[in-house]
Structures are given as C-alpha cells and as structure tokens.
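Basis for what follows: all heavy atoms, side chains included, without hydrogens, waters or symmetry-related copies.
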Amino acid sequence: LRLCACVRQQACVSRIKAATSLRNSHSSVSLEPSTVLFCSVSAIHLLTKMADRPKGFGMTAEIQDRIDSKNDPVRQAEAREWLQAVVGEPFPEGTFQEALKDGTYLCKAIEQLNPGYKIKLNKLKTPFAMMENIGQFLNSCYDYGLEKNDVFQTVDLYDNTNVPQVVNGIHALGRKAQSKGYSGPALGPKESKAQKREFSDGKLQEGKNIIGLQMGSNRGASQAGMTPYGASRQIH
C-alpha cells in the first residue's frame, strides 16, 4: 500500500510539472479542464499529506507519553509569569506552546536580560521564519552562558514534541540570569558558584601518608593468634 501511494504521489508530481511547463512554454495552448482539475486536486492532496505529521505508535508513542507525563503545570505557570515580568508585555494568547511557537516573545526576553544583545526578528508567520527566531533565541542562550543540555531544541517547541524541556530551558535561563547579576524578577534558585581550594605542596605531601576511608581501616586489627603458614592447626 505504501509503495502504491508513493507511485501515485510521484505520478501526481510528474503531471503537475508537465502541465506547468506546458503552460509556461505555450501560453496559447489551452489544457483540458479535466487535466487541470485533476492536477489541482492532486496538488492539494499531496501538499496536505506532506503537511500532516503522522502520529506515533508503538515505541514512539510510549516515548511521547513519557515526555508528556513530565509536564508540570506549576513550573509552566512560573515560567509564563517570569517571562511576562521580564518582557513587560502581556503573554500571547493560546497555549504555552502556541504563544512561544514563533520565537518572538523569547527573543524579547533574552534582549531584556542582556541589553547589549539585539536580535533581528523575522516577523513573517512562515515555518522557516518562526524556526529561525527560535534558533536565534537558542544561540543567544549559548552566548549568555547556558549549556546545550540546559536548553531545548527547535523542534521541541515548534513541533510541540517536548514542551517540558522548553519549560526546563526557561527555568535554566532564569537561574543563569541571577548568577549574571540580573536585578529583575527571579525564577528558581540562584546557581551555585565554584569554590576552588588551593593547597600548598607540604599539605599535598602530608595527604599522601594518610589512608583514605575508601581503602578501609586497620584500627584494632592484628595477626595475633593466627596460625603460621605451613604449620599444622593446634586443636586443644
């Protein structure tokens, strides 16, 4: 069935290309209404099939269910309120994913956290433009100091495949903002700073003479009363 569907789609594409090239090369030639209708319907059907992402099943569905089960409404509400406080504008309408899908609101937030950083937003509502805005936001997060495992991927937000990771990325951005000295609204705890310790050479040499607890302890142990190797056991 899949092979037949692929063959039909290829045939539709071929007929559309042939009809288009014929019309462009011979503008005076009129095509039959049935041919034009068939090509138009086939094109609409093909584009609809390409736009529909098939639903997962089997292991893919199980993985998606596990991802969806990690969704925390409380953390999502905290991220929404924090973004609105940082940007200073009302949060866009719709669900959390729909509001941030075009990447515009996220880019405005990172600009407020880092005033010296300006992002050229793409205001078109095409998939490429919206994904480009999300990509610019992610690159800004990397420049701000976040690690790749702290943020999300473009498809996680745009395709609505991993909204919990999007929420985690916003919380990570809130923690990083506090450590960078941002005086605005806070989100989550402040990141801890490294406490590097310096030891002198004498202290390091003394440490080599100490048996660590990971190696066990010999306190209270002795070989008293043990039978020497090779001697017979004394029975009294």
Side-chain angles (χ1 to χ4, degrees), residues 50-51 53 63-64 66-200:
M50 292 173 62
R53 180 183 292 270
I63 294 175
Q64 188 62 43
R66 291 183 181 181
I67 293 175
D68 295 338
S69 64
K70 296 180 180 179
N71 190 22
D72 189 348
V74 176
R75 286 174 57 85
Q76 188 176 122
E78 293 174 351
R80 178 193 295 261
E81 294 176 359
W82 180 75
L83 286 175
Q84 184 172 351
V86 171
V87 176
E89 299 178 3
F91 200 80
E93 297 181 355
T95 63
F96 188 81
Q97 183 267 341
E98 293 172 351
L100 304 179
K101 183 178 180 179
D102 61 353
T104 303
Y105 206 76
L106 294 175
C107 291
K108 292 181 179 179
I110 196 66
E111 286 181 345
Q112 293 296 326
L113 298 177
N114 190 7
Y117 199 89
K118 296 298 181 181
I119 300 177
K120 186 177 181 181
L121 294 174
N122 196 332
K123 297 183 179 180
L124 297 177
K125 294 301 180 181
T126 60
F128 176 79
M130 291 188 285
M131 288 189 288
E132 183 182 11
N133 292 336
I134 298 175
Q136 292 190 82
F137 166 76
L138 296 178
N139 292 331
S140 303
C141 290
Y142 302 147
D143 297 338
Y144 199 62
L146 270 71
E147 301 293 336
K148 287 190 175 182
N149 56 353
D150 290 335
V151 294
F152 54 91
Q153 298 181 358
T154 303
V155 293
D156 295 337
L157 175 58
Y158 184 80
D159 291 336
N160 196 19
T161 56
N162 197 348
V163 175
Q165 183 60 31
V166 177
V167 176
N168 293 337
I170 296 174
H171 277 260
L173 180 60
R175 295 193 301 269
K176 178 61 69 174
Q178 296 183 61
S179 65
K180 301 278 283 187
Y182 178 67
S183 58
L187 177 63
K190 186 178 179 179
E191 285 187 344
S192 60
K193 296 183 179 179
Q195 301 291 336
K196 190 176 181 180
R197 305 298 177 90
E198 298 290 345
F199 297 97
S200 61

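Rounding to the nearest 0.5 angstrom, the gap separating the CG atom in N114 from the CG atom in D143 is 8.5 Å. Once rounded to the nearest 0.5 Å, the distance linking CG of N133 with OG1 of T104 reads 5.0 Å. The line from SG of C107 to CG of L121 is 5.0 Å long, rounded to the nearest 0.5 Å. One distance of note links CG of L173 with CG of L146; it measures 6.0 Å at 0.5 Å rounding.
Counting only heavy atoms from C-beta outward, the side chains of I170 and L100 approach each other to under 4.5 Å. A heavy-atom distance below 4.5 Å is not found between the side chains of K108 and V86. You'll find the side chain of F152 stays beyond 4.5 Å of the side chain of V167, heavy atoms only. Side chains of L83 and L106 form a contact here, defined as non-hydrogen atoms less than 4.5 Å apart. Using a 4.5 Å heavy-atom threshold, the side chains of E78 and H171 count as touching.
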task: Show the numbers, then the answer: is there a side chain to side chain contact (heavy atoms under 4.5 Å, CB included) between F137 and Y105?
output: CA-CA 10 Å; F137 166 76; Y105 206 76; over 6 Å; no
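In this structure, the side chain of E93 does not engage the main chain of A99 through any donor-acceptor pair within 3.5 Å. Without hydrogens or angle criteria, Q97 side chain to Y158 main chain gives a donor-acceptor distance under 3.5 Å. Within the 3.5 Å criterion, the main-chain N or O of K120 finds a donor-acceptor partner in the side chain of Q136.
Smallest separation of non-hydrogen atoms from K125 and D102: NZ-OD2, 2.8 Å. Taking each heavy atom of L124 and M130 in turn, the nearest pair found is O-CG, 4.2 Å. For the pair V87 and Q112, the tightest heavy-atom approach, listed with the atom from each and the gap, is CA-CG, 4.3 Å.
Judged by the 6.0 Å distance and 45° axis criteria, K176 is not positioned over the aromatic ring of Y144.
F96 and F91 have parallel rings, their planes meeting at less than 30° on a 0 to 90° scale where 60° marks the start of perpendicular.
The local environment of CD in Q178 is crowded, with over 12 non-hydrogen atoms from other residues, nucleotides or ligands closer than 6.0 Å.
Donor-acceptor pairing under 3.5 Å is recorded for the side chains of E132 and N122.
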